Each structure stands twice: as structure tokens, then as C-alpha cells.
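Keep in mind the model is a prediction, meaning the values are calculated, not measured. We're numbering straight along the sequence, starting at 1.
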Amino acid sequence: MVTVDDVRRVALALPRTEEALVRDHVKFRVRGIVYASVSPDETLMGFAFPKEERAALVASEPEKFLMPLPSDERYQWVRVRLAAIDETEMRELVIDAWRMVVPKRVAAAYLAS
């Protein structure tokens with residue numbers, strides 16, 4: 001099972017990322033824009049994901065992915081059960097979410113290294 005420490009290790013290695021604790025959620029953000037968040041009980045991770053693609057993602061693997069909470073539906077956001085993914089998949093989800101919030105040149109430089 002993926003833990004908040006696993007998510008932290010990946011997220012904090014990404015350029016411009018900072019960690020914050022907001023209402024008991026561990027959040028990873030770039031210049032105030034959150035791209036990943038772990039629930040207080042560490043069972044769910046929300047992450048940036050294109051709004052127009054999230055219904056298809058959730059429908060493809062409903063045992064793994066969940067729609068955002070109603071209060072978050074206006075954002076480009078989706079959730080995943082941490083127990084349902086491995087570290088490789090978590091890494092991909094976090095990096096893809098981070099790429100949505102950093103300038104393209106920052107993402108390109110990171111991916112090229």
C-alpha cells in the first residue's frame with residue numbers, strides 16, 4: 001500500500017513543490033495551486049486531472065478511482081484509493097498532476113533530466 005511518506009518523497013522531489021497541512025490534509029502545491037492531497041486517514045489521494053477525462057477514468061476502474069467531492073467538482077480533480085495502487089502508478093499520477101500546474105518549460109526540463 002502506498003503511504004503519505006511515499007507520496008511526499010515523490011512530490012517533494014519535483015521542482016517548485018511545497019508541502020502544506022490544511023485541515024489535516026497533506027497538500028502538495030506549486031505557488032499555491034494544489035496538485036495532490038492526501039486525506040487525514042491516509043486512505044485517499046486527490047490529484048489534478050483533466051475535468052473532461054475524469055468520468056471515463058472513474059468508470060474504467062471504479063474500485064480504484066472516485067469522483068471528487070461535490071465541493072471539488074468545479075476543479076480539475078479526481079481521487080484514488082491508495083490501497084489500490086502501487087508506487088509506480090502513484091508516481092505517474094503525482095507527476096502528471098504536477099505537470100498540470102507548473103510552466104511547460106519547468107516540466108520539460110524535469111522530464112528531460
When rounded to the nearest 0.5 angstrom, what distance separates [atom1] in [X] from [atom2] in [Y]?
X     : Y     : atom1 : atom2 : value
Met1  : Asp86 : CE    : CG    : 13.0 Å
Arg31 : Glu18 : CZ    : CD    : 10.5 Å
Asp24 : Glu42 : CG    : CD    : 11.0 Å
Glu92 : Phe47 : CD    : CZ    : 11.0 Å
Ile85 : Glu61 : CD1   : CD    : 10.5 Å

Looking at every non-hydrogen atom in both residues, tell me the closest pair between Val30 and Pro15 and how far apart they are.
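Taking every non-hydrogen atom into account, CG2-O, 4.4 Å.
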
Out of curiosity, does [Y] fall in the hydrophobic cluster containing [X] (side-chain heavy atoms, cut-off under 4.5 Å, transitive links)?
X      : Y     : answer
Trp98  : Ile33 : yes
Val22  : Val34 : no
Val106 : Leu12 : yes
Leu44  : Val38 : no
Tyr110 : Val10 : yes

Hey, can you tell me if Phe28 and Tyr35 have their rings parallel, tilted or perpendicular (30° and 60° cut-offs)?
tilted

Main-chain N/O of [Y] paired to [X] side chain as donor or acceptor, under 3.5 Å:
X     : Y     : result
Ser37 : His25 : no
Trp77 : Leu69 : no
Asp6  : Thr3  : yes
Arg81 : Glu63 : yes
Lys64 : Val80 : no

Checking side chain to side chain contact (heavy atoms under 4.5 Å, CB included) against Val94, which of Arg8, Arg9, Met45 comes through?
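Going through Arg8, Arg9, Met45 one by one, the side chain to side chain contact (heavy atoms under 4.5 Å, CB included) with Val94 is satisfied by Met45 alone.
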
Within a strict 4.5 Å, meaning less than it, do heavy atoms of the [X] and [Y] side chains meet?
X      : Y     : value
Leu111 : Ile95 : yes
Leu21  : Val26 : yes
Arg54  : Pro68 : yes
Glu53  : Leu57 : no

Ignoring hydrogens and geometry beyond distance, is a side-chain donor-acceptor pair present between Asp41 and Thr43 at under 3.5 Å?
yes

Just to verify, what does Val58 make a side-chain contact (heavy atoms from CB on, under 4.5 Å) with, not counting sequence neighbours?
Phe65, Met67, Val78

